Amino acid sequence: MSDTRDWPLYEIFIRARGGLDHKHVGSVHAADATMAIEHARDVYTRRMEGISIWAVRATDITASDPAESDALFEPARDKIYRHPTFYDIPKEVETL
Amino acid sequence: MYTQGLNEQTGRPVAAEATEDEARLRAFQARIDAEEKIEPKDWMPDAYRQTLIRQISQHAHSEIVGMLPEGNWITRAPSLMRKSILIAKVQDEGGHGAYLYSAAETLGVSRAELIDQLLSGRAKYSSIFNYPTLSWADVGAIGWLVDGAAIMNQIPLCRCSYGPYARAMIRICKEESFHQRQGYDIMLKLARGTAAQRRMAQDALDRWWWPSLMMFGPPDAASMHTAHSVRWKIKRFTNDELRQKFVDFTVPQAKFLGLNVPDPALRWDAEAGMHRYGEIDWTEFNQVLKGHGPCNRERLAERRAAHEDGRWVREAAAAHAAKHGARAAA
Ligand SMILES: [Fe+2]
Ligand SMILES: [Fe+2]
């Protein structure tokens, strides 16, 4: 009934305003990258939600594995000395 | 709501969790209880995945089929402004379908599969879209009542435990308010218009009131998926709770329009602080859901025709992409 194969999936990233990062908003199917941008315009920016669009083939994204996230992020967990709040500075010392 | 068909048992039963790893299940439930969001690559019980695929895809199908009853009036909207508004609203509904298909696909089902389920008639969509739009006032009644009921249901879904669904719902809810207000605005103009226009508005309310109440799905006592969905924080309120809220919000709005809600049993219960309403005709609801509503066949035929008529465009785009891809690679 429907077509047997989907067009490739593109993940869509949008910059809402100048000065902001592109942020993931969702995905669209499209025959090619040009069409992905056009679809993303229609699907995700009908109310001026963006001034710039990135479309990335979903298969081109490498993601970390949530099952491995403990091992991946653990090394940062006990390094609280990386945060400014770790250091006790006497009140008398100003602008530090 | 847009997912009333969840009561229908298709595919594997929801109780398949017994076979899955107990410890993982406990950890999963603990994350849900702590209001953490579940993301696509996280481990999840198969029953959770299947429930979500069915709920999100039924919701998506409802948005897509929901374009038809209103689309029917685009060429006959009474002014250029009303036409522009209606086109924008119908386009939004198409967008809602796209956000939701996209969210469903993160659970491992393909878009082609979902579309195929809709076009072959295997998938369910909301019963409300199987009623005809007979007059311009129906476009007002749909925005006011149908989108109003949808908002009632969709706001709690913004906090659903599954991240991609919750994010799609936030996007949708931002757009729904416009839908409801433009509908009420149409009703207001008619209610303040000529006697004939007031009759049109009343006639639309008469026909859309009960089907709108049915949108919230079967009564809690007959709803078999609620307990699971509540525990998994897919659903936060029961069908009857949301229906009650809708009645309490809507009755004063009808009063303001000077229209009568077509329910002789409707009354304000001061002690309970809520409206009491009459018995819903669940036989009609079940008939519509089973495919025997006034427009079920017409809606599916229209979707199929649109899909077939668009085939050459999809094929041409694929051919164009293949040609340019080959040229770029050369
Ligand atoms: Fe919608
Ligand atoms: Fe809507």
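Since this is a predicted model, take the numbers as computed values, not measurements.
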Within 6.0 angstrom of Asp21(A) CG, more than 12 heavy atoms from elsewhere = no
Does Arg46(A) pair with Asp92(B) as a salt bridge, N-O distance under 4.0 Å?
-> yes
Non-hydrogen side-chain atoms of Trp7(A) and Arg111(B) separated by less than 4.5 Å = no
Got Glu105(B) and His29(A) here, is their nearest side-chain heavy-atom distance under 4.5 Å?
-> yes
Backbone N or O of Val43(A) within a donor-acceptor pair of the Tyr99(B) side chain at under 3.5 Å?
-> yes
Least distance between heavy atoms, Pro66(A) atom then Lys41(B) atom | CG-O, 3.3 Å
How far apart are the closest heavy atoms of Asp6(A) and Ser110(B), and which atoms are they?
-> OD2-CB, 3.6 Å
When only pairs under 4.5 Å are counted, which of Gly94(B), Gly95(B), Ser102(B) shares the most heavy-atom pairs with chain A?
-> Ser102(B)
In terms of heavy-atom contacts, does CZ of Arg297(B) have more than 12 from other residues, nucleotides or ligands at under 6.0 Å?
-> no
Determine whether Val25(A) and Arg167(B) make a side-chain contact, defined as any pair of heavy atoms from C-beta on separated by less than 4.5 Å.
-> no
Determine the option with the most heavy-atom pairs under 4.5 angstrom with chain A, choosing from Glu315(B), Gln91(B), Glu39(B), His320(B).
-> Gln91(B)
Nearest heavy-atom pair of Ala31(A) and Ala321(B): which atoms, and what distance?
-> O-CB, 3.3 Å
Select one option (side chain, backbone, both, neither) describing which atoms of Ala33(A) are under 4.5 Å from chain B's heavy atoms.
-> neither
